[in-house]
S.K.: 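Let me begin by handing over the structure; questions about it come next.
Model, not experiment: these values are computed from the prediction.
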Amino acid sequence: MYKAEKIRNKESWFRTIKPGIVAKGKLPSYGSITSLNVQLTRYNRSIGKERGVFIHAKYLYDELCVILVGVTIEQRKKELADPGYKNEWRKMIKV
């Protein structure tokens, strides 16, 4: 699996995620999960769109961790248009 890095600055961490990148981060508390979710939504709608990347998140609540997966904007559009392609990004996560 992936080694979880301590997340110090969420926005900076998001900027390191490019299409094809999978990263795992450790959060300090459950409240941080909600905070990350809100910040990631804002990021995807603005900076991510400008940079051509959409970041998916898989939350591991028991571990207080999150796995981020970057895809291209084109892949994201395909996910929204084709129900059969919707979860392709999850295949990038190696168990």
S.K.: Apply side-chain contact (heavy atoms from CB on, under 4.5 Å) to V66 and I7, showing your working.
M.R.: CA-CA 10 Å; V66 61; I7 303 168; 4.2 Å; yes
S.K.: Enumerate, atom names and distances included, each donor-acceptor pair closer than 3.5 Å involving a side-chain atom of residues 11-20, sequence neighbours excluded.
M.R.:
from : atom 1 : to  : atom 2 : distance (Å)
S12  : OG     : N9  : OD1    : 3.3
T16  : OG1    : W13 : O      : 2.6

S.K.: First locate atom NZ of K94, then atom CD1 of I67, and finally report the distance between them rounded to the nearest 0.5 Å.
M.R.: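 If I round to the nearest 0.5 Å, the distance is 12.0 Å.
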S.K.: In this structure, would Y59 and I55 fall into the same cluster of hydrophobic residues linked by side-chain contacts under 4.5 Å?
M.R.: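 Yes, Y59 connects to I55 through the hydrophobic network.
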S.K.: Quick check for you: to the nearest 0.5 Å, what is the distance between L68 atom CG and K24 atom NZ?
M.R.: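 The NZ atom of K24 is 12.0 Å from CG of L68, to the nearest 0.5 Å.
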S.K.: Do L60 and Y30 land in one hydrophobic cluster if side-chain heavy atoms of ILVMFWY residues count as linked below 4.5 Å?
M.R.: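 Shared cluster, no.
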S.K.: Quick one: list whatever passes ring pair (Phe, Tyr, Trp, His ring centres under 6.0 Å) with W89, sequence neighbours left out.
M.R.: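 Only H56 meet the ring pair (Phe, Tyr, Trp, His ring centres under 6.0 Å) criterion with W89.
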S.K.: Can you tell me how far apart CG (L40) and CG (N37) are? Round to the nearest 0.5 Å.
M.R.: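 One gets 7.0 Å once the value is rounded to the nearest 0.5 Å.
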S.K.: So which heavy atom on M92 is nearest to which on I21, and how close?
M.R.: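 Looking at all heavy atoms of both residues, the shortest contact is CE-N, 4.4 Å.
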S.K.: With rounding to the nearest 0.5 angstrom, report the CG to CZ distance, N44 to F54.
M.R.: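 CZ of F54 is found 4.0 Å from CG of N44.
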S.K.: Give a yes or no on whether I73 and L80 share a hydrophobic cluster (residues Ile, Leu, Val, Met, Phe, Trp, Tyr; joining criterion: side-chain heavy atoms under 4.5 Å apart).
M.R.: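 In one cluster with I73: L80, no.
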S.K.: Is there a side-chain contact between V53 and T72 (heavy atoms, below 4.5 Å)?
M.R.: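 A side-chain contact is absent here, since even the closest heavy-atom pair is not under 4.5 Å.
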S.K.: Hey, what do you get for CZ (R42) to NZ (K10), rounding to the nearest 0.5 Å?
M.R.: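 Answer rounded to 0.5 Å: 10.5 Å.
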S.K.: To the closest 0.5 Å, what do you measure between CG (D82) and NZ (K77)?
M.R.: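 So the CG of D82 and the NZ of K77 are separated by 15.5 Å.
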S.K.: Could you tell me whether the side chains of S32 and S29 share a donor-acceptor contact shorter than 3.5 Å?
M.R.: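 Checked: S32/S29 side chains pair up, N/O donor to acceptor below 3.5 Å.
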S.K.: Mind running side-chain contact (heavy atoms from CB on, under 4.5 Å) on Y43 and R51 for me, showing each step along the way?
M.R.: CA-CA 10 Å; Y43 180 88; R51 296 179 74 216; 2.8 Å; yes
S.K.: With sequence neighbours left out, what residues match K26 under side-chain contact (heavy atoms from CB on, under 4.5 Å)?
M.R.: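 By the side-chain contact (heavy atoms from CB on, under 4.5 Å) rule, K26 matches A4, L64, C65.
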S.K.: Answer yes when E88 and K78 have at least one side-chain N-carboxylate O distance shorter than 4.0 Å, and no when they do not.
M.R.: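 Answer for the salt bridge query: no.
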